[in-house]
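Input: a single structure, listed below in structure tokens.
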Amino acid sequence: MSWDFFVPVCVGDLVKTGGINQYVVQDVVSPKQLPSHLNSFKAALRSQGPLCILEHFDTGYTVLQHCHKVDMSVKEDTLELLIQVVSGLSVSLPSLLLNASLSAPDRKEQLNAVKMSVFLLCKLTEILESDSYRQSIVTAPSKGSKKGKAAGEGLLQWDSERETVLQALTQLLQLDIRSLWSLSLVDEEFISCVTCCCYKLLENPTISHVKNKPTRDAIIHLLGVQVKKYNHLLGASVKVIQLLQHFEQLSSVCAQAVSVWSTEYGVKAIVGEVMREIGQKSSEELAREGSGVKAFSSFLSELGTLVPDTMIPNISVLLTHLEGESPSMRVAVCEVLGEVLVRVLSGDGLDESGRADRDRFMDTLQEHLHDTHSYVRARVLQVYTRIVNSKALPLNRYSEVMGLAVGRLMDKSINVVKSAIQLLAAFIAHNPYSCKLSSADLKKPLEKETDRLRELRERLQENAPVAVIKASELWAAMEPELLLTVRAELEPTSEGEGEQQEREEDGAREEDDRATAIQIAQFLRVNKYRNAVRLCVRAHSLFPESEMFSSLTTLTPETLLDTLALLFKGPDQDTSEIREDLPSTPQKEGAGDGGKEGVEESELKKQEMLLQYLRDTESFALQVERAIAVINTMLYWKTTSVVQEAVQFCVTVCEFSVANSLTGVRKMLPLVWSTDAAIKDAVVQAYRRLYLNPQGDNTRSKAQTLVDSLSELMVDASLGTIQCLEEIVQEFFGGGSSLQSTVVQVLWERFTGKRETSSLHRRAAVLLLGMAARAEREVVLSNLDTLCSVALGEKLTEDFLLARDSVITICNITDHVRQCKGAPFRLPQDNQLFTCLTQAIAEGVVMADPHWQSFMEQAVRLLYFLSESPDQLCSRLLQRCSRLLLDQIAEGGEMLANKDVSQLPGASQDPEEQGEQVMCIPAVSCVSLAQLLSLCGCVAFWQVSHLERSVSSELRRRRGETEEREEKAKVPSRKAKQASNDSSVEEELGLMGASAEDTEAELIRKICETELLAEENLLCSFLPLLVRVCSSPGRYCHPQLTTAACLALSQYMMISPSVCEEHIRLLFTVLERSSLPVVRANAIIGLGDLTVRFPNILEPWTQNLYTRLSDENPAVRQTAVTVLTQLVLKDVLKVKGQVSEVAVLLIDPQTHIASLALNFFNELASKDNAIYNLLPDIISRLSDPERAMNEEDFHTIMKQLFSYITKERQTESLVEKLCQRFRTAKTERQWCDLAVSLSLLSMCERGLKRLQECWECYSDKLTETGVYQPLLSITAKLRRGAKPQLKVQVEEFEKRLTAVHTRGLENVESPEMEKTCPEGVGPSQNTTTHTPLPNKGRGGRPKRGQATPSVSSRQDDSFVTPKPTRKSSKKAVITFSSDDEEEEEDAVMAENETPKVTTPIARTSRRARLRH
């Protein structure tokens, strides 16, 4: 073969004349001739094998050249032939490559066949891929149509064929075909041909889908072969960067590819190359659009999860992006660091370098917890969550990271807060300290172990020996000086020194070798180095056989120094032969006491470690408690996801018994009433997890655990908590759980005392039974006798709380807690239950038990709910109680008959009044009288409720049954009537029903008005007594008596309008003048109920209710704001200017009162324009000089109120109203308050225009700094993000403000002001423009152009809005013009708007009643 095939850069290059011996395509046939040529190709393939490509290359090339003209079947046949050729080469080449005697022509022939087949297959694959992608785009809109299906079938099953092509190429290239090239240098064009095909396939948008995983894996492995065998490493790294830059969806695919190449193919350098390429990207480059920064960050994060260990050597090149501007890159680097810390740099087996890297990475992550971008902060918190969950966080960093996480709970970003909550939950769930975290429980152990550590240290100090320095340390210190002495002594000596040596020698002869050695050691200890050296030199001659001096046979400085060291230190501990004849050394002398000291030191170290552990645990528990306090406040945030995370956190801390964890669990309980289904479901699931899914070996133990958990929750629970818990427990008993029957049995055992338990748990058990009865009445009804005998029997008076809770449980079986059709469920009067209740109430009247009151209220309620004739029962009960008090009076009169009245406590010294005191003061107990009055008031209230609810509903039910019977009787006759009369008959019946219903309501009202307080009715007898007690606080000064009388009087006033009108003044007098906060609070509650029932009677007294908002007692203020909130939000009270008193409570020192006021305005803001209409009047009242409110407090209140103004029209209108108020403001403080109010508005372009139009209203006040600065701040706000045209207007307005402020209004040039006015309109005319009210036929409303359009033109120039008077026929009010009359209704209630109908306790609309 004389020619060579060169892989062309462009397909068309093959038809051009090339170099010497270069293959050129000669025969490019037409598309019509291709089928016959393909048949020849097939025949040659069968006969000649894969080498037939050498002869039929032109046929394959023709298909490429005419790819857009040939049929799909031709491409399909060509692809199949090329796959067979490549596969045939993969089979035939291995044996040829192993043949060393392969000739050059044969090698060239095989090489050309490989190049040709691979080239054609790759190019045809690219063409088919392009066709497939193009066709998928064309057929996408008509998905499912016949045309789309036909086109899909014509494309051949390309998704499956792709994998076949890739497998064939991989099998071929895995062979060592490099030997076919000279010097084994594979052509770059050949490699590029294959790799370009692979990258072309990767550009498919669906390549990352799950269905294309086989194709994706085949491409990655084919490229891996190229990278490993064919030097494609640099090209692959560059191509990966390019793919990421242009195809964002390939981030995970590229990460998987790089991971496979580095692990399975061992090319770890590819990871470093790609990381360096990304690391070299500058911030400016990444900031450009289309830079692929999102793909780069996703790629790094994915790669970090796959090969974190391979990334460590090159991770420094990525750290530069932590200082860059791209938050995505910062997040990616932090996530890589997190994966490295979790999977590589974790555990105790790290070396010094690994620990240093770990600490450095941890410090980096901690820094970015304070990143400027919230996205980065949130993701770093998530990284820490993964670290904590993997237990890869070092123990010494727990406290620090925990503190940072608690700090992030205050972050402004919701996502950061959620991530911080998740991290704190992970800390608690995986904490290394204790399964129960409570700082209170840790205090005693900590104190105990601290004392023990102190004792150990004191004991060690007492027993500590004198500090002994080791002989080796002494020797090391003296060795340099001793060496100089040795060298000096070995030099020739003088005669005098010789004589001295002889004398010492004579003395040494008298000693043995051991004594001489001891003496030498002593010389060394006292620093007599010369004497020691001389004695050691002579000792060898004196004791030549001694082992201690045997090394001195050769006398050199080194041998002499070694001998001295041996004598001083003794032999080493690891010497095999221990010589007993050596002298004792300092370290060996103290060895006797070392054992005991070692034990004590070991105990000391253990104690120190234990104490440190307890301190760390306490610190961790305190931080958790801090976090709980913050997260508990998030349970009522408006963001659903934050509330869900907070609920999950509360569950986690409760499971670990953290102190105060039950607070959060109880606090989230009211969320079961949430309108958000996700929040409600989260709370229900949390309670199921904590309380309703107990763990145990059997059903009995599970039931015991469930009852214990719920009982703990019920202990000391408020009424609201119990009501919320009812919803969850009712759902449990109504859900068909297998534990229901066992739980009920356990509860009855606890209640009846079969199992020893505390009184609190008995009460919890009976309340839980009541909750179960709401779902299934028989739970309690079948055991009603048991309830009566246990809780309401002879021992009832010993425990009124248990009796009260039992009565509440029985109430749950009545019809009032469930909707029942048919006759009401009631028990006869002689039932044992009512006998027990009436006896207990009567006996308790003359007792001083503080819990009798609550029991009595529930008992009377039950009598009216369950008894057939409750009025008769209660009448006899009142008679019995009165008789008991009369008996008490008689007994008291006998006892005090012989006593001096003037000596009684509280007795008057006036002789005229002593007669009355003999009859009143000593005769009866004030507590007993108070309890009797409370009973009277309670009976009066429930009697009215019984008439209007039970009796009225029973009348409706009976009337409905009668009408139904009549209806059935009229059916035959009605069929005979014409269809046209049906509607009239139904209408007539409807009118009859409505008329009957009105008659029933009138009957009930008449009974209340005339019969309940008739002279023959027992209730009437107590009313004068109530009035007397309330009107004589000096005489009846007992707190309980006064409180009971006030509340009972308000309940009596609920009976009829006449009673209410007669005593309303007295009740308000009590409200204002009583010195007892509890009386004032009860009066507010009673008056709130009366306002609902008789709104017309209470309307003139509304101001007196608002006055209590400024009461000196916090409890009274709290009650007042709660009652008024309910009245206003339920539209019982018309919202007026007095609401400014509620606004003052926003800065109340009591946080719970401030939160109630905030809730009031939050709810009021949901009503259309309510706050907007009230704001001007609120500002006037709060800035009144007589109120003298602090500036800071005024700003705080206004900032909250103006946050509800969000509409541009409202802002524009308020700007005009507030500017007009400058005219009536008299003091500088009022000017400043108005200016501050303007600055708090969310100013818009229309607002600025209106502010400029009202220039004359405030321009003369701009010399005051308090006016100028707030208005100047408006321009600063408007300038942010403003359009260029608006910026010009803002700057002109700012210059105008500054000019007037600095030079005064009169000194500012008039032409400058005229420029801002419209042509032909003067400044004064411009600034007095008002938005007129629409004329709706009201004579009092001014029309456009009339003289009184605004406040500024009124004669009354007072700043405060005048109060309406009830004497005048027309109410003097201040109105403000607005574009929308309906949005700005007058605050004063018009006469025709005042409700006249007496409102019953339970209202039902006429339409609702007709349905019954």
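What's counted below: heavy atoms across the whole structure, side chains too, no hydrogens, waters or symmetry copies. For reference, positions follow the sequence shown, starting with 1. What you are looking at is a predicted structure, and each value in this text was computed from that prediction instead of being measured.
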Would you name the heavy atoms of [X] and [Y] that are closest together and state the gap between them?
| X | Y | answer |
| --- | --- | --- |
| A1081 | T1119 | O-CG2, 3.6 Å |
| F825 | I813 | CD2-O, 3.9 Å |
| C938 | Q1051 | N-OE1, 3.3 Å |
| Q931 | D849 | OE1-O, 3.8 Å |
| P1095 | V1092 | CD-O, 3.9 Å |
| L792 | F855 | CD2-CE1, 4.4 Å |

With no hydrogens and no angle check, is any side-chain donor or acceptor of [X] less than 3.5 Å from a backbone partner on [Y]?
| X | Y | value |
| --- | --- | --- |
| S867 | Y864 | no |
| S1032 | R1028 | yes |
| S1074 | L1071 | no |

How long is the span from the [atom1] atom in [X] to the [atom2] atom in [Y], to the nearest 0.5 Å?
| X | Y | atom1 | atom2 | value |
| --- | --- | --- | --- | --- |
| L932 | L884 | CG | CG | 9.5 Å |
| C874 | L863 | SG | CG | 5.0 Å |
| I1085 | Q1126 | CD1 | CD | 11.5 Å |
| F834 | E868 | CZ | CD | 8.0 Å |
| N783 | C788 | CG | SG | 11.0 Å |
| W852 | F800 | CH2 | CZ | 8.5 Å |

With the side chain counted from C-beta on, respond yes when [X] and [Y] share a heavy-atom pair under 4.5 Å apart, and no when they do not.
| X | Y | result |
| --- | --- | --- |
| R826 | T814 | no |
| L935 | L877 | yes |
| V1027 | Y1052 | no |
| V951 | I1007 | no |
| C936 | L878 | yes |
| S1050 | L1067 | yes |
| V939 | L1019 | yes |
| W673 | C724 | yes |

With side-chain contact (heavy atoms from CB on, under 4.5 Å) as the test, would you mind laying out the steps for V927 and H1038 before giving the verdict?
CA-CA 8 Å; V927 175; H1038 192 278; 4.1 Å; yes
Distance alone, cut at 3.5 Å: any donor-acceptor contact between the side chains of [X] and [Y]?
| X | Y | result |
| --- | --- | --- |
| E843 | T797 | no |
| Q879 | R876 | no |
| R774 | T809 | no |
| Q943 | D871 | no |
| Q829 | Q872 | yes |

side-chain contact (heavy atoms from CB on, under 4.5 Å) between F941 and V860, intermediate numbers included:
CA-CA 10 Å; F941 176 83; V860 173; over 6 Å; no
Show your reasoning for whether side-chain contact (heavy atoms from CB on, under 4.5 Å) applies to M771 and M714.
CA-CA 12 Å; M771 297 176 191; M714 295 285 291; 3.6 Å; yes
Evaluation steps, side-chain contact (heavy atoms from CB on, under 4.5 Å), between V1139 and V1142
CA-CA 5 Å; V1139 79; V1142 184; 4.3 Å; yes
Does [X] come within less than 4.0 Å of [Y], counting only side-chain N to carboxylate O?
| X | Y | result |
| --- | --- | --- |
| R1117 | D1111 | no |
| E948 | R1093 | yes |
| D1131 | K1167 | yes |

Ring geometry between F865 and W942 (parallel below 30°, tilted from 30 to 60°, perpendicular above 60°)
perpendicular
